[in-house]
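Structure record follows, encoded as structure tokens.
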Number of protein chains: 2
Amino acid sequence: MSDGTPAPVRPTLEEVARVAGVSRATVSRVINGSPRVSPDVLVVVEKAIAELNYVPNRAARSLAARATMSIALVVPENAHRFFGDPYFADVVQGISERLDDSDYVLNLQLTHPSSPSEKTRRYLLGGNVDGAIVVSHHSGDHFLASLGRSLPVVFGGRPLGQIANPGDYYIDVDNRLGARRGVEHLIARGRTRIATITGPADMPAAVDREMGWRDALAGAGLSDHRIAHGDFTEAGGIRAALVLVDEHPDLDAIFVASDLMASGVLLALEERGLRVPTDVAIVGFDNSPYATRGRIGLTTVAQPSLEMGVVMADTLLRLLAGEQVEHVTMMETSLVVRDSS
Amino acid sequence: MSDGTPAPVRPTLEEVARVAGVSRATVSRVINGSPRVSPDVLVVVEKAIAELNYVPNRAARSLAARATMSIALVVPENAHRFFGDPYFADVVQGISERLDDSDYVLNLQLTHPSSPSEKTRRYLLGGNVDGAIVVSHHSGDHFLASLGRSLPVVFGGRPLGQIANPGDYYIDVDNRLGARRGVEHLIARGRTRIATITGPADMPAAVDREMGWRDALAGAGLSDHRIAHGDFTEAGGIRAALVLVDEHPDLDAIFVASDLMASGVLLALEERGLRVPTDVAIVGFDNSPYATRGRIGLTTVAQPSLEMGVVMADTLLRLLAGEQVEHVTMMETSLVVRDSS
DNA sequence: TTGAAAGCGCTAACAT
DNA sequence: ATGTTAGCGCTTTCAA
């Protein structure tokens with residue numbers, strides 16, 4: 001294409017047919033692996049395909065077959081939030097792995113967190129994809145929330161109550177129970193003045209983890225007034241930790257709703273001269289690379305993010321294949337104990 | 001789509017035409033913003049479109065117009081490498097921003113680093129996209145290297161010598177000069193026993209930065225034998241730093257080919273009881289978030305990654321518009337001085 | 001097992 | 001300014 005060189009003309013199915021000396025229908029059958037092709041014809045056609053370096057035109061194929069064989073991964077986040085969070089890396093990797101075994105290709109649509117652009121809308125509704133996976137932990141997006149009515153959609157993470165449709169499919173972990181187990185571990189270690197740093201209030205995962213923290217404290221008859229709000233970023237973790245130690249100097253443990261924030265908490269505590277875990281024990285959530293990158297290994301509630309990606313893709317694929325699929329898939333968390341508790 | 005509910009039938013252009021009482025051609029003109037439509041007809045058609053909730057079918061449109069209005073971002077990395085590197089986040093953000101102002105949609109193709117799958121090949125060659133941006137810092141991939149012959153392609157980063165085609169388009173920074181300036185800064189600070197930690201030898205950026213390091217040392221008559229090889233990961237930075245201080249205990253500075261690795265170097269030096277910058281001065285490369293996340297701010301060679309993304313997209317867009325475009329765009333690096341030097 | 005023929009939903013000359 | 005008419009490259013009945 002350089003320098004105005006005309007684009008190389010791609011051979012069409014018709015030319016393959018001509019070269020092979022068969023009809024277009026037969027070539028089409030070969031391409032689609034139909035059993036109704038005699039072995040010798042198959043050889044001839046495949047030779048012609050190889051010879052011409054033929055690659056089927058997908059637009060034409062989609063149009064005729066009414067299937068695009070591609071699915072969208074919709075991420076209502078800006079690139080930085082998306083890339084900064086190792087959770088997404090795992091999910092995407094998992095989805096890719098599952099899709100590698102299928103005929104579908106993935107294409108990623110980054111959209112604005114608040115309201116997907118008209119372009120995204122058109123893309124999703126314009127017959128570009130056969131289905132979509134939405135990894136959104138945000139509420140408030142009406143279009144995405146109702147996307148399931150126009151297209152097979154699988155959500156990563158439970159949609160927030162008010163926008164969930166009964167027919168939705170989603171994959172999630174039991175954030176509440178996981179958080180509870182994490183806090184119970186702190187209690188078992190003898191901690192009694194346990195604070196928490198939450199995630200954004202518009203994310204179900206954040207809300208659920210806070211509830212799990214309360215569950216555990218209530219179960220042990222402990223007070224749940226030590227709380228600060230974060231935003232799932234490291235800087236937010238630092239800020240929240242400073243607020244917490246100033247307001248509740250007596251705290252002896254913090255359950256932090258994400259490892260990324262917990263990593264900030266570690267920095268903040270060090271700055272204040274507090275030792276982990278001697279003075280303050282920490283439990284994070286995710287078991288992301290951040291849990292092991294500092295000098296102090298982070299005790300954390302692990303979620304199987306990669307596997308969640310696999311299951312999301314698998315669920316959508318089965319949906320597309322017309323199978324009956326469970327609407328909700330809950331995956332297990334587990335506690336990983338390291339230095340910080 | 002839940003529970004086998006039949007997919008809602010999407011209205012076609014023909015139905016819009018019928019409802020509006022005009023021909024299909026007219027509706028098509030309205031959709032494509034042709035000026036050859038009378039104001040009153042335009043109103044009627046737009047009303048019909050809104051009423052029917054019509055969204056054009058892109059496959060049909062692509063087929064007829066011979067343009068897909070979408071471009072591929074090809075990333076020959078696994079999800080973890082891709083997500084782990086803030087450089088990519090910036091580039092993607094930049095590309096997205098530029099594309100937001102255009103009619104093109106982006107779709108991201110993660111492929112295996114060594115050899116893109118047959119699926120990727122088919123996707124790229126099957127008329128799914130009008131052009132591609134390849135952000136590869138790897139050599140050895142013949143398919144991607146020659147992709148420019150079948151499709152308008154812009155490369156992020158210079159392709160390695162042996163696989164570069166004269167007609168290729170690429171956007172890069174002057175890694176060599178940037179590295180040289182970084183090392184010269186160390187020399188100006190009075191350092192004389194300056195080591196380096198390189199990136200993978202199959203990446204042009206890594207090779208160029210090493211050469212820049214040599215340039216600076218040669219210019220000052222200093223020795224360039226203190227060298228260790230890394231892999232652009234934090235763990236690799238740690239390993240390389242340990243090797244370096246063991247083999248060359250006299251070193252007083254290290255030029256590290258990426259901030260991510262430099263962040264590992266900081267950890268390693270601390271472990272060895274070496275103070276930064278008192279005992280050892282450090283200069284990184286990228287000016288990524290890692291440069292500012294630790295206690296010690298990292299002096300680093302900044303590259304305008306986000307803007308590079310913008311320029312990549314812009315270059316491809318102009319190429320697609322049939323404009324004459326420069327083959328090589330070099331962008332400037334700049335030195336950001338912080339605590340570590 | 002194979003071929004002929006009729007579209008899939010849209011755009012783009014060419015008329016008018 | 002608007003309509004008519006051919007396709008774009010493929011899949012898919014329907015016959016043979």
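- Straight-line distance from the CD atom of E14(A) to the C1' atom of dC10(D): 11 Å, rounded to whole Å.
- With rounding to the nearest 0.5 angstrom, the CZ atom of F88(A) is 10.5 Å from the CG atom of L108(A).
- Rounding to the nearest 0.5 Å gives a distance of 14.0 Å between CG of L317(A) and CE of M312(A).
- Not counting sequence neighbours, Y104(B) has no partner by the ring-ring contact (aromatic ring centres under 6.0 Å, His included) test.
- Looking at residues two or more places apart in sequence or on another chain, you find no ring-ring contact (aromatic ring centres under 6.0 Å, His included) involving Y170(A).
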Let me check something: any side-chain donor-acceptor pairs from residues 21-30 of chain A under 3.5 Å, sequence neighbours excluded? List them with distances.
{"residue": "S23(A)", "atom": "OG", "partner": "A25(A)", "partner atom": "N", "Å": "3.4"}
{"residue": "S23(A)", "atom": "OG", "partner": "T26(A)", "partner atom": "N", "Å": "3.3"}
{"residue": "S23(A)", "atom": "OG", "partner": "T26(A)", "partner atom": "OG1", "Å": "3.3"}
{"residue": "S28(A)", "atom": "OG", "partner": "N32(A)", "partner atom": "ND2", "Å": "3.4"}

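- Axis angle, first five pairs versus last five pairs of the helix from dT1(C)-dA16(D) to dT16(C)-dA1(D): 30°, rounded to 10°.
- The side-chain hydrogen bond (donor to acceptor under 3.5 Å, both in side chains) check on S62(B) picks up nothing, with sequence neighbours excluded.
- Using a 4.5 Å heavy-atom cutoff, the side chains of M69(A) and V105(A) are not in contact.
- Atom CD of E307(A) sits in a sparse spot, with 12 or fewer heavy atoms from other residues, nucleotides or ligands closer than 6.0 Å.
- Within residues 122-131 of chain B, no residue approaches DNA chain D, by heavy-atom distance under 4.0 Å.
- Atom CG of L42(B) is separated from atom NZ of K47(B) by 13.0 Å, given to the nearest 0.5 angstrom.
- Every residue meeting the side-chain hydrogen bond (donor to acceptor under 3.5 Å, both in side chains) condition with D314(B), not counting sequence neighbours, appears here in chain and number order: R98(B), R318(B).
- OP1 or OP2 of dT11(D) has at least one side-chain nitrogen or oxygen of R61(A) nearer than 4.0 Å.
- Judged as a side-chain hydrogen bond (donor to acceptor under 3.5 Å, both in side chains), and not counting sequence neighbours, D101(A) has no contacts.
- P76(B) and V135(B) make their closest contact through CD-O, 3.2 Å (heavy atoms, listed as atom of the first residue, atom of the second, distance).
- Put simply, the side chain of R29(B) and the base of dG3(D) share a donor and an acceptor less than 3.5 Å apart.
- For the atom pair D130(A) CG and T68(A) OG1, the distance stands at 3.0 Å (nearest 0.5 Å).
- Near DNA chain C, meaning a heavy atom under 4.0 Å away, the residues from residues 30-59 of chain A are R36(A), V37(A), S38(A), V41(A).
- For D40(B), the CG atom is densely surrounded, since the number of other residues' heavy atoms within 6.0 Å is greater than 12.
- Separation of atoms CG (N107(B)) and CG (L73(B)) is listed at 9.0 Å; rounding is to 0.5 Å.
- At whole-Å resolution of the value, CZ in R66(B) and C1' in dA6(D) are 12 Å apart.
- The ring-ring contact (aromatic ring centres under 6.0 Å, His included) search around Y123(B) returns none, not counting sequence neighbours.
- As a whole-Å value, the separation of R18(B) CZ from dT2(D) P is 20 Å.
- Atom CZ of R10(A) and atom C1' of dC10(D) are 15 Å apart (whole Å).
- Near DNA chain C, meaning a heavy atom under 4.0 Å from it, residues 19-28 of chain B has R24(B), A25(B), S28(B) in order of number.
- Protein chain A touches strand DNA chain C; the 5'-most and 3'-most nucleotides with an atom under 4.0 angstrom of its non-hydrogen atoms are dT1(C) to dG9(C).
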